Structures are given as structure tokens and as C-alpha cells.
Amino acid sequence: MIYLGVDIGGMSIKVGAVDEGGKLLSKCTAITPLGDPQKAIELIADLCREAVDRAGYSWAAVAGVGAGAPGTVDGDVVTYATNIGWYGVPFCKELTRLTGVKTAVGNDANCALLAEVKFGAARGYRDVAMVTLGTGVGTAFLCGGTLLLGNGGAAGEGGHMRVKTLGNRCSCGREDCWELYASASALERRTRKIVETHPQGVMASIAQREGKTSGKVFFEAYNAGDEDAKRELAAFQRDVADGLVNIANLFRPQLIVVGGGIAAQPAMIAPLEDLVAEQTLGGKGNPHVKVVAATMGNDAGIVGASVQVM
Ligand SMILES: [Zn+2]
């Protein structure tokens, strides 16, 4: 049997066929039709058939379709996904009608966690927090082997815990949410600051060559020994650790998995475990919390979505 995974993003929809070992057999992509869930679901059904064809299987081999949506999911319904303009969309009912196979849908951060638990860095663990450092900060929690969903599936928005009192406004309406300080976007802001204050420095010359101020630029300067990058990375890591410590105190996971492009940088992840150990309640008297990088990479969304129907 094969399993289909659907990663619904604000830019694109990715569909892949996955085998029982978590291997991606094929992948199809299309631009997300924003604000038109019916059109999007019809597109997903088409992409599903294409993914099965490309993998070299017949439709009879499909055990089910699992999807990850960028928002709140309550059972079979995507209740609130403002990035793509979906409100109260009966996703599974409609996709099952179009495909004839069982379907499941979950929040995309939860799907990324499922991928790590089933096939990646969190295999064998029952208490896991996943933190994804992207445009914002996504979080998901496995508690005693069960995904934390909360009332109406709306739990797990750790990116919107307040960590400072600086008065910076978050997209959610609150001030000083963690994601303002710990996201990849926050590191990019620090990169821009270095470029502006030291226009003759290492960072500025790399940024000029690349034509951007991304995390890639930042870590290239860091790896070249740039002092500004060293100082800013340490400050950024303290901001990341602020939220990780809150998560460790709240959930005491065995393991925190950090995902997102910048998490693949060894210099990014290495100090976090010690920062968490220094600050969590109980010190060495309470169980240690490991902090590791995610291992499932770019296709975690597809593979994790498919885990829901395995
Ligand atoms: Zn917020």
C-alpha cells in the first residue's frame, strides 16, 4: 500500500506518495488558489492522482490521503486558516467524495511533529515538543504519546507567548510574542542591522554578493569568524531559549526538536540544550530536556501529513 501526503501552504500545495517506511516516492506541486477552498480541494484530488501515477502505482494501492493545513483543524474540518482564506471547510468529507478513499487532516505543525516522531529525530520518544523557526514560530506537542489538540484543535500556539515588554506588535494583535524574537525573520532583522551598522564588514560584503540578508548570509559570515555575527547569534539564541525554557517548564518533554531552515546550522542548535538546562525549574533535580535539530527536511510536511492515515 501507499499513502498520500498533502502539504497545504500559503504559496503552494505539495502532494506526494509515501511508502510505509516514510520514503517519498513522488511529488507534485501547484500554486495555492487562495480564498477558494472548493477549487483547492479539486486541485488536491487531481494532484493526488498525478502523484500516484508518477510513483508508478495504481489508485487501488492508495490506503488513504492525509493533509496538513496552515491553521486550526477540528476533527475533519479546517476551522480557521486565515493565510489561505479557509473558514469552516469540511475538508475530509469533500476530498473523500472526490477520491473515494479515507482522508484525514491536521494542523501543519502537528504533521511536522508526526513526521519526526514516526521517521525522524523523535523516533521512540513519547514526550516531545517541536518548534519550527520560520516566518513565524510554530509549535506542536506530543504528550505521553498523544498529540496535544486542545479545545477545537486550537492548542499549541507557542509562538504567541509573550516573552518581553518592549511594545513590539505581533500579527496576532498582542505585543512581544516569542515569534517576533525567535523566528527566522527575527534573525534576518539582526542580519540587516549588522549590514547597516557595519557597511564595510564581512556580513555586508556577503549580503551584497548574495543580494539578500537571509539566514544563509548570516551563517556564512558567522562561519567566516565575523564578530558581529557571533554576538548577534548569541543574543538570538537567548531569545530562542526564552521560549524553549517556558515550553520545558510547561510540558517537560524528553526532547525538543527544532525545525526550519536555520535549525540545520550546527552553530544554531548546539548551545540551546545548555541554555535550557541552566534555566529550567529544578536544575539537575528534574529530568534533562534534550534539544536537537529536525531531520525530516523540506518534505516533512508531506510525509507527516501521510502519517495520519498510516
Ligand atoms: Zn502573537
Side-chain angles (χ1 to χ4, degrees), residues 7-11 32 34-35 68-74 78-89 106-113 128-143 147-193 213-215 218 232-233 235-251 253 256-263 268 272 275-276 279-280 291 294 300-301:
D7 182 1
I8 307 166
M11 304 288 284
T32 309
L34 299 174
T72 306
V73 177
D74 188 7
V78 179
T79 48
Y80 180 85
T82 193
N83 284 349
I84 54 173
W86 289 20
Y87 306 96
V89 176
N107 168 266
D108 55 1
N110 286 344
C111 289
L113 172 58
V128 182
M130 175 135 190
V131 172
T132 304
L133 310 179
T135 310
V137 173
T139 61
F141 303 94
L142 190 77
C143 305
L147 266 182
L148 176 75
L149 297 174
N151 191 9
E157 294 294 344
H160 297 281
M161 59 180 147
R162 193 170 188 174
V163 293
K164 289 183 191 290
T165 52
L166 297 174
N168 292 313
R169 183 72 64 184
C170 179
S171 61
C172 75
R174 262 187 120 194
E175 287 179 351
D176 294 315
C177 291
W178 186 34
E179 73 171 32
L180 292 177
Y181 305 100
S183 56
S185 315
L187 185 65
E188 198 179 338
R189 268 199 308 281
R190 288 182 182 274
T191 308
R192 279 202 301 275
K193 190 178 104 186
T213 49
S214 62
F218 183 92
E232 290 295 325
L233 184 62
F236 177 66
Q237 283 161 332
R238 286 194 294 276
D239 285 347
V240 173
D242 280 342
L244 297 185
V245 171
N246 292 348
I247 284 170
N249 282 338
L250 274 169
F251 298 99
I256 299 176
V257 180
V258 184
I262 60 174
M268 176 64 224
L272 295 177
L275 287 168
V276 170
Q279 298 176 54
T280 41
V291 181

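Worth saying up front: this structure is predicted, and the values here are computed from it rather than measured. Ligands are counted one by one from 1 in listed order, and the atoms in each one are counted from 1 as well.
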Exercise for review: Spell out, as yes or no, whether a donor-acceptor pair under 3.5 Å connects the side chain of Thr139 to the backbone of Gly158.
Suggested key: yes
Exercise for review: Take Leu187 and Tyr181, measure what side-chain contact (heavy atoms from CB on, under 4.5 Å) needs, and give me the verdict at the end.
Suggested key: CA-CA 8 Å; Leu187 185 65; Tyr181 305 100; over 6 Å; no
Study note, to complete from the structure: To the nearest 0.5 Å, atom CG of Leu275 lies from atom CZ of Arg238 at 8.5 Å
Check your understanding: Does a donor on one side chain and an acceptor on the other come within less than 3.5 Å for Asp74 and Tyr80?
Key -> no
Revision key, fill the gap. Which of Thr82, Thr72, Thr79 passes side chain to side chain donor-acceptor pair (under 3.5 Å) with Tyr87? It is Thr82
Check your understanding: Near the Zn ion (ligand 1), which protein N/O/S atoms fall under 2.8 Å?
Key -> His160 ND1, Cys170 SG, Cys172 SG, Cys177 SG
Practice item. Could you tell me whether Lys164 and Asp239 have a side-chain N and a carboxylate O separated by less than 4.0 Å? Key: yes
